[in-house]
Trainee: 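The following block contains the structure, expressed as structure tokens.
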Amino acid sequence: MNWDLLATYTPMYADALWVVVQLGFWGVFGSLILGALVALVRHWKVPVVDRIAGGYIEVARNTPSMVQLYFLYFGLPLIGVKASGFACAIAGLTFLGGAYMAEAIRSGLEAVREGQYRAAASLGLSQTQTMRLVVLPQALAVALPAITANVIFLIKETSIVSIIAVVDLMALTQNLIGMFYTSNEAYLMLVISYLVLLLPVSIGLRALERRFRRGIA
Amino acid sequence: MSALLSITGLRKSYGELLVLDGIDVEVHRGEVVVVVGPSGCGKSTLLRCLNGLEPIQGGKIQLGDQVLSDPGTDWTKARQRIGMVFQDYELFGHLNVLDNIVLAPLHVQKRSRAEAVDEAMALLERVGLPEKAAAFPKELSGGQKQRIAIIRSLILHPELMLFDEVTAALDPEMVREVLDVIGELADEGMTMVLVTHELSFARAVADQIILLDAGHVAEASDPETFFTHPESERARTFLASLEFAPRHRVGGGTDSHV
Amino acid sequence: MKIITKIIGSLLSLSIAAGCTAEPASQESAAPDSLQAIREEGTITIGVFRDLPPYGSQDSSGNFVGYDVYFAEQIGKDLGVKVEYVGLDAQGRVPALTGGKVDLVLANFTVTEERKAQVDFADPYMKVYIGVVSPDSAPITDISQLAGKSLIVAQGTTQQTYFTTEHPEITLDVYTTETDAFAALKDGRAPALSQDTTNVLAWALQNPGFSVGIEKLGEPAFIAPAVRKGNTSLLNWLNEEIAALPSDFFHNNYAETLEPVYGSAANPDDIVVENGNPET
């Protein structure tokens, strides 16, 4: 182990870590929004759109995420849609994560009994209030463990963006090993970087789960 | 005396299945009406039609001066005049007791939190559960949950309360504490419509007993008449069936509440 | 036919084994990938490029073809063993050797100081310069034009190391495969791409609208067979083999595999190295 090398690598890994943080944040944010929309469409069985949403979930979950990313980056320019690697990475994570988030949120929505809607309505709550104040908080509490797993999954999934030339932790590691054959140092930095990122996220999410799940059996 | 609630020719069907077929009922202010009948006779559906939880296919429902069956009815407003309590409590699991009670006052009636909390605490005091304000529903017994559900409706100051088999899911020893609360409300002059299997309680508290059978009102009379010399043959067979199997239903024996 | 090859192969390996026993036991014979083991096995595993025509790639029926494969076939013939191919990416070449996945890498593998620390190179059979290809609409003819801009390279190539260390002012867009790197250039994701001059020349010929604006950047680099570090018996055999091959062997290889692609765009004498002599 070359300790000087670790010092040289540290700022590079800090940069790559920041890339992963941004990808992870926007990817999770995007997939939660998309997932919530798809879950609601499926839950309410909105005609036609429900079918499309179902198809989307199947495609997103049953095709390799690498293929999805290739399609966004190398496929879409063929029809004139060209986005940067970073944008494609976020879109790819959103596309992939949206499907998993949708299923998690939908199972949460389905865990809220019909009677809760009736009780909320009988108190005079509007449909929007019922969703916002009664249904979604409970659905999210039920869905939270699955959402947490998806968040961690998505952050780890950022490691495939190297195929579209985005320099995340994995790409940086491969670059350093490819150029200088310093596998030990590079892998050690890789592991440390992921731990630095994922441990706090994991602990934070677990605390959130405990908080949200109070009340829910 | 004019009726607070009048139902005329109410019809309700689920697709082909006709559940309520021309119901006429009048409930006067301060009156307690108990709806009884065999399971599947449409009792619960009738209650749900009254506060718009179920769309109706015909007839008229009027509360005071307001015709609720009009298509333009603003139900979020109308439902504040009609409280409803359910068999399965339906407290909101993610909120503690106090937040369950003040949710509608804050978000529907836009009352101040301080004022709503004051009234909620007074109501909790009244049903003997002030120490449970910060508890979550899952930490409560069935009887406690149902008392909270009742005051969650009461805090909106409804003119009419609907009780849908509110003791049916309770262990026998908890039925009493809930019925006591309802009894007190009746004594105070709250207008209410109850669906219940607790016939001895019905007999004690009701001003009018309505027997529903296959979507029709089979008998509507005062409790004395209903229980001692009912006019209809259907009421006699209904009562006879209960006397032979009074202990087989959920909620324990009727005898203990006489 | 197969049986005959097999018999000849085993006869050969017998005679060589006999030859070996006449000498004092050499320390190489203990190495797992040693020449003797290959001969006993009757198979040599050679790593070639999976997607870098005309050096190493698979044709429509899945057979490996190209300049490196032409040489690999000759090695198999002269060793008297069957050749088993493993398709590699640029960054997979060193791990394939260190991990014992292949005996030999013939994959457009440029000799560098960093790589010498990882693997042993035999004598060269090709020389290359770094080239830069760019669209005709915005040609890059001098490296200074790229300052502050980005340049496409493939992961694990000499170009990646060269630009990282020599031209930090240029941002590198690193793609994991050659195919993706060229696709990105076509999509206009960066102003230019750098690869060995021969590769960019070949690609530009097939892709109208692109030209090699910089043909010779820096000193020439040499391409040589690589073996696992310490595999001296195979290394020595390779050097003897390269020296013993006819002095027009690689020109013939060029004529068969590279000429159809480069045509008049390249001069074989700029590319081919005969008998391991850099001056050829």
Trainee: Just wondering, do B:Val108 and A:Leu125 contact through their side chains at under 4.5 Å, heavy atoms?
Mentor: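 SC-SC contact between A:Leu125 and B:Val108 confirmed.
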Trainee: Are there more than 12 heavy atoms of other residues, nucleotides or ligands under 6.0 Å from atom CZ of A:Phe153?
Mentor: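 Atom CZ in A:Phe153 is crowded, with more than 12 foreign heavy atoms closer than 6.0 Å.
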Trainee: With a 6.0 Å cut-off (strictly less than), is the heavy-atom count around CZ of A:Arg51, excluding the residue itself, greater than 12?
Mentor: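 Count not over threshold, so no.
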Trainee: Side chains of A:Val134 and B:Leu103, heavy atoms from C-beta outward: is any pair under 4.5 Å?
Mentor: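 Touching, per the 4.5 Å side-chain cut-off.
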Trainee: Side chains of A:Arg118 and B:Met84: does their closest heavy-atom pair fall under 4.5 Å?
Mentor: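 Result no, sub-4.5 Å side-chain heavy-atom pair not found.
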Trainee: Tell me if a side-chain donor or acceptor on A:Gln129 pairs with a main-chain N or O of B:His107 at a distance below 3.5 Å.
Mentor: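 Such a contact is found between A:Gln129 side chain and B:His107 backbone.
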Trainee: Provide the closest heavy-atom pair for B:Ala104 versus A:Leu123 in the form atom of the first, atom of the second, distance.
Mentor: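 In this case the closest contact between B:Ala104 and A:Leu123 is CB-O, 3.7 Å.
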Trainee: What are the two closest heavy atoms between B:Arg152 and A:Ala119, and how far apart are they?
Mentor: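 Scanning both residues, the minimum pair turns out to be NH2-CB, 3.6 Å.
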Trainee: Measure distances from B:Asn51 to the heavy atoms of chain A and classify the residue's part below 4.5 Å as side chain, backbone, both or neither.
Mentor: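 For B:Asn51, the side chain is the part near chain A, not the backbone.
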Trainee: Counting only heavy atoms not in B:Lys77, do more than 12 sit closer than 6.0 Å to its NZ atom?
Mentor: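 12 or below, so no.
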Trainee: By a 4.5 Å heavy-atom criterion (distance strictly below it), what part of B:Arg81 contacts chain A: side chain, backbone, both, or neither?
Mentor: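 When you check distances to chain A, no heavy atom of B:Arg81 falls under 4.5 Å.
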Trainee: Which region of B:Ile82, side chain (C-beta onward) or backbone (N, CA, C, O), has a non-hydrogen atom less than 4.5 Å from a non-hydrogen atom of chain A, or is it both or neither?
Mentor: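 For B:Ile82, backbone heavy atoms alone lie under 4.5 Å from chain A.
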Trainee: Heavy-atom count check: over 12 atoms from other residues, nucleotides or ligands less than 6.0 Å from A:Trp26 CH2?
Mentor: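 Count not over threshold, so no.
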Trainee: CD of A:Gln127: more than 12 outside heavy atoms within 6.0 angstrom?
Mentor: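 Counting neighbours around CD of A:Gln127, 12 or fewer heavy atoms of other residues, nucleotides or ligands fall under 6.0 Å, so no.
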Trainee: With a 4.5 Å limit on heavy-atom distance, are the side chains of A:Ser122 and B:Phe86 in contact?
Mentor: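 When only atoms from C-beta onward are counted, B:Phe86 and A:Ser122 do touch, with a gap below 4.5 Å.
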Trainee: Keeping the roles fixed (side chain from A:Gln116, backbone from B:Leu91), state whether a donor-acceptor pair exists under 3.5 Å.
Mentor: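 A pair under 3.5 Å: yes.
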Trainee: Write down the atom of B:His94, the atom of A:Pro137, and the distance for their closest heavy-atom approach.
Mentor: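 Taking B:His94 first and A:Pro137 second, the nearest heavy atoms are CD2-CB, 3.3 Å.
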